[in-house]
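The sequence lines fix the lettering, A, B, ..., with proteins before strands; numbering per chain opens at 1.
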Amino acid sequence: MILWCTSSFQRRGHFIHLRDYGVMHQPGGWRMRQRIKEVLEGILKDYGESVDFKVTRPEDREFGDYTTNLPFLLAKSLKRNPVEIGEEIAKKIRIEGLEVTPVRGFINFRISKGVLQNNLLKAIEEGYGKGEGKGIKINVEFVSANPTGPLHLASARAAAFGDTLVRLLRYKGYTAESEYYVNDAGKQIDNLALSVDARIKEIEGEEYSIPEDGYHGAYIRDIARSAVETDIKEFDELKSFSVDYILNMQKETLKRFRVEFDRFVSEKWIRESGRIQRVIDGLKKAGKTFEKDKALWYRGERDRVLVKSDGEFTYIVPDIAYHTYKFERGFDLVIDLLGPDHIAHVPDLKRALTDLGYPGDSVELIIIQWVHLLKQGKLLKMSKRAGEFVTMDELIDEVGVDPVRFFMLMIKASSPLEFDIELAKKQTTENPVYYVQYSHARICSLLDHAENEGYRDLTPEGFENLNLGEEIEILREIYHFPEFLEDVAESRDLHLIPRFLMELSSLYHNFYQKYRIVGGEKEKVVPRLFLSMAVKNLVKTGLDLMGVSTPERM
RNA sequence: GCGCCUGUAGCUCAACAGGAUAGAGCAGCGGAUUUCUAAUCCGCUGGUUGGGGGUUCGAGUCCUCCCAGGCGCGCCA
């Protein structure tokens, strides 16, 4: 059996040869949490009770790998002392490789060293922590900025989050597709084309005026110039020309940012597809509409207009139609990443979808809060119309893709993010991005060194020698990685990924600083190299998911 | 006015469907390198979780009132 490793071993054509040692195929493995749950469920049955207990990782690592609050909950219904119950239950639990300790009403579980050590061999494989196929199709829509200008900061955050979410969902075995909704119809597109038209007139020396709600950015002149060269005449033509131009600009920016969408869906196309009428008809048929003041209304908690008195649709109609298109394609779950200004209409959207016979509850909303840009402690105001705003490109130019993606993901999506541009730039030494990347580069360098010292065909044995406190702590993090990713994928709390990597890197840097690996205790050299490879694999996996690069030298 | 979100160390943020002594990073102070990368490591300092009341074995987390900030509340998107 040959295992590859993304280290220098692989670069130079050396491979680690592994015979089949059996440990690879141990059943169960890191599914320990699930097994604990099952065993506890069984015991709960003996008591004839049913409570909603949980098995979690305690914050304080002193308490072990898992803990449960079951005794407290049971104490309530049984009217008994939780401490007693804890001791009683703990005695009944027998899981191999797991030490069970009742402590003041909690039951704590500690994974044995042997299990942690054996797990190491799995952890150096590519795809460690990957989930099995789930048979669930998920659509993730994000960015979806109006095609009227360059992408700005909020889009950068949405792009980083959405892209990482898709990567993570795929890694955990879901079928996930990324999607961008292009609002290429409606009044703002008319304004765009009118603005471009004005600049065309300017170029041609004619009299011109920018419309009141027009766009003033420099890119409008670029489009005008290009339109003149291409000899665009018709207004409709100019509209689609302008939209295409800007959409391509946006795509370029996204590409730089390492984000590529699976699909772009045009609002114009949705409108022309006949789905609009089907939505209107469907809602009428469901008896959810009424007419008032020559307009068609949708009855909800707050009534909304669907068709204006002039016959135009309000934006919610194509929005509903668009979502029916998502469900038509067989997605089990539809995730929308939206800014805080768009929250309000989601309940109506869900209700309308349900009224139309679609699973409206399968629309999940994730709010991506605003990004405030701080420069020298001052908040920069952004106005798209006035053309004064920091674009995503400018931010990338200034700070670099890696720090931007890392910083955008570091904070919970639902919290506003204060992005201090000076700090992100200045922080070359204290920057957490480099801190994490450095652990990767450091290990690459270590492996190079090891190779030069003659450590080539490594045999994975002697893992039982990894028994120092520092070594065990690292093995523990490695062990929990798959479950950790599982939790993150389900909770969508992506900010935990950079945090995990910082913690892991910290443990490793600490260990590295304290102990000599290659020149150190002989029986520990090879096991420690494996330990390092596993850490590197985790860091690489995590940074890959975040779309952050993993340099081998720094 | 009504609704939603936020308020945690000097700063930026964590705390996983209420759980154990509220944790990191940065900043500040003091130390560590003849060594596989010092972009590193170790130690110290730092808190009435905006405030009051309530729910219970247990509250940063849930309820309620108040204070401060943000965002929504169109036949705009």
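- Nearest to the side chain of A:E267, among B:C13, B:A77, B:A17, sits B:A77.
- OP1 or OP2 of B:C41 has at least one side-chain nitrogen or oxygen of A:Y435 nearer than 4.0 Å.
- When distances run from any side-chain atom of A:N146 to the nucleotides B:A77, B:C36, B:A15, the shortest one goes to B:A77.
- Among the heavy atoms of the strands lying under 4.0 Å from A:A344 are primed sugar atoms or P, OP1, OP2 only; no base atom is included.
- With rounding to whole Å, A:L417 atom CG is found 9 Å from B:U12 atom C1'.
- When rounded to the nearest whole Å, the span between CD1 of A:I368 and P of B:G70 equals 22 Å.
- For A:H480 and A:Y66, the ring centers are positioned less than 6.0 Å apart.
- Across all strands shown, B:G54 is found opposite B:C62 as a Watson-Crick or G-U wobble partner, with both distances under 3.5 Å.
- Ranking B:C75, B:G19, B:C36 by closeness to the A:V518 side chain, first place goes to B:C36.
- Between B:U21 and B:G10, the two P atoms lie 23 Å apart (nearest whole Å).
- Contact between the side-chain N/O atoms of A:N431 and the OP1/OP2 oxygens of B:A39 is not found at any separation under 4.0 Å.
- Across all strands shown, A:Y298 has no heavy atoms under 4.0 Å from either base or sugar-phosphate atoms.
- Distance check on atom P: B:G60 versus B:G74 gives 39 Å, rounded to whole Å.
- Nearest to the side-chain atoms of A:H449 among the listed nucleotides B:A15, B:G72, B:C36 stands B:C36.
- Side-chain atoms of A:R442 and A:H509 form a donor-acceptor pair, as typed in the model, at a separation below 3.5 Å.
- Contacts of A:R516 with the nucleic acid, taken as non-hydrogen atoms under 4.0 Å apart, include base atoms.
- A gap of 43 Å separates the P atoms of B:G30 and B:G53, to the nearest Å.
- Under the 6.0 Å cut-off for aromatic ring centres, A:F72 and A:F53 do not qualify, their centroids lying 6.0 Å or more apart.
- Rounded to whole Å, the separation between the C1' atoms of B:G52 and B:C75 comes to 46 Å.
- The base of B:A24 lies outside donor-acceptor range of the side chain of A:S506, with no N or O pair under 3.5 Å.
- Salt bridge annotation for A:E179-A:K326: absent, with no cationic side-chain nitrogen under 4.0 angstrom from a carboxylate oxygen.
- Nucleic acid contact class of A:K514 (heavy atoms, under 4.0 Å, all strands): none.
- At a threshold of 4.0 angstrom between heavy atoms, the contacts of A:S445 include nucleobase atoms, whether or not backbone atoms are also involved.
- Residue contacts shown for A:I517 include a base, since a base heavy atom lies under 4.0 Å away.
- A donor and an acceptor atom, one from each side chain of A:Y515 and A:E470, are located under 3.5 Å apart.
- Residue A:K37 places its NZ atom among more than 12 non-hydrogen atoms of other residues, nucleotides or ligands, all under 6.0 Å distant.
- Rounded to an integer number of Å, the gap from CZ of A:F407 to P of B:A14 is 14 Å.
- Side-chain proximity of A:D341 to the nucleotides B:A39, B:C71, B:A14 is greatest for B:C71.
- The pairing partner recorded for B:A22 is none, the criterion being a Watson-Crick or G-U wobble arrangement whose two distances lie under 3.5 angstrom.
- A side-chain donor-acceptor contact under 3.5 Å links A:D402 and A:S549.
- No close placement of the A:F106 and A:F63 rings is indicated, their centers lying 6.0 Å or farther apart.
- Per the geometry, CE belonging to A:M410 stands 8 Å off C1' belonging to B:U12, to the nearest Å.
- Proximity note for A:Q513 (side chain, C-beta onward) versus B:G19, B:C36, B:C41: the nearest is B:C41.
- Aromatic rings of A:Y180 and A:F142 (six-membered ring for Trp) have centroids beyond the 6.0 Å cut-off, not under it.
- For B:U12, the base has no donor-acceptor partner in the side chain of A:E418 [N/O atoms by modelled type, under 3.5 angstrom].
- Taking atom C1' on both nucleotides, B:C67 is separated from B:A24 by 29 Å, rounded to a whole Å.
- Judged by Watson-Crick or G-U wobble contacts below 3.5 Å, the nucleotide B:C2 has B:G72 as its partner.
- At B:C4, none of the side-chain N or O atoms of A:S414 fall inside 4.0 Å of OP1 or OP2 (strictly under the cut-off).
- Not a single salt bridge (charged side-chain N to carboxylate O under 4.0 Å, His left out) links A:E41 to another residue, sequence neighbours left out.
- Listed candidates were B:A15, B:A14, B:C41. Nearest to the side chain of A:R499 is B:A14.
- Contact between the side-chain N/O atoms of A:R442 and the OP1/OP2 oxygens of B:A38 is found at a separation under 4.0 Å.
- A:T67 comes within 4.0 angstrom of a base, heavy atoms only.
- Among B:C75, B:C16, B:A77, the nucleotide with an atom closest to any side-chain atom of A:D293 is B:C75.
- No hydrogens or angles were tested; on distance alone, nothing pairs the side chain of A:D60 with the base of B:A22 as donor and acceptor under 3.5 Å.
- A:H495 comes within 4.0 angstrom of sugar-phosphate atoms only, judged by non-hydrogen atoms across all strands, and of no base.
- A heavy atom lying under 4.0 Å from RNA chain B marks the following residues of residues 303-310 of chain A, by number: A:V305, A:K308, A:S309.
- The side chain of A:W370 has B:C71 as its nearest neighbour among B:A20, B:U40, B:C71.
- Using a 4.0 Å cut-off on heavy atoms, the residues of residues 70-87 of chain A that approach RNA chain B are A:F72, A:K76, listed by number.
- You'll find a donor-acceptor pair under 3.5 Å spanning the side chain of A:Y315 and the base of B:A77, going by distance alone.
- Only the C1' atoms considered, B:C66 is 34 Å distant from B:A27, to the nearest whole Å.
- A side chain to side chain contact (heavy atoms under 4.5 Å, CB included) with A:M533 is found for one member of A:L447, A:L120, A:I443 and no other, namely A:L447.
- Contact annotation for A:D319: no contact, since no heavy-atom pair falls under 4.0 Å across all strands.
- Across the C1' atoms, B:C11 and B:G47 are found 15 Å apart, a figure rounded to whole Å.
- Here the separation of B:U55 from B:A9, taken at their P atoms, is 28 Å to the nearest Å.
- Rounded to an integer number of Å, the gap from A:Q369 CD to B:G7 P is 11 Å.
- A donor and an acceptor atom, one from each side chain of A:S532 and A:Y508, are located under 3.5 Å apart.
- Crowding of A:K308 atom NZ: a count of heavy atoms from other residues, nucleotides or ligands under 6.0 Å exceeding 12.
- With both pairing distances under 3.5 Å, B:C44 is matched to B:G28 as a Watson-Crick or G-U wobble pair.
- Considering only side-chain N and O atoms, A:K412 lies nowhere under 4.0 angstrom from the phosphate OP1 or OP2 of B:C16.
- Ring centers of A:W269 and A:Y322: at least 6.0 Å apart, outside the cut-off.
- Residue A:D493 is out of contact with every strand shown, counting any heavy-atom pair closer than 4.0 Å.
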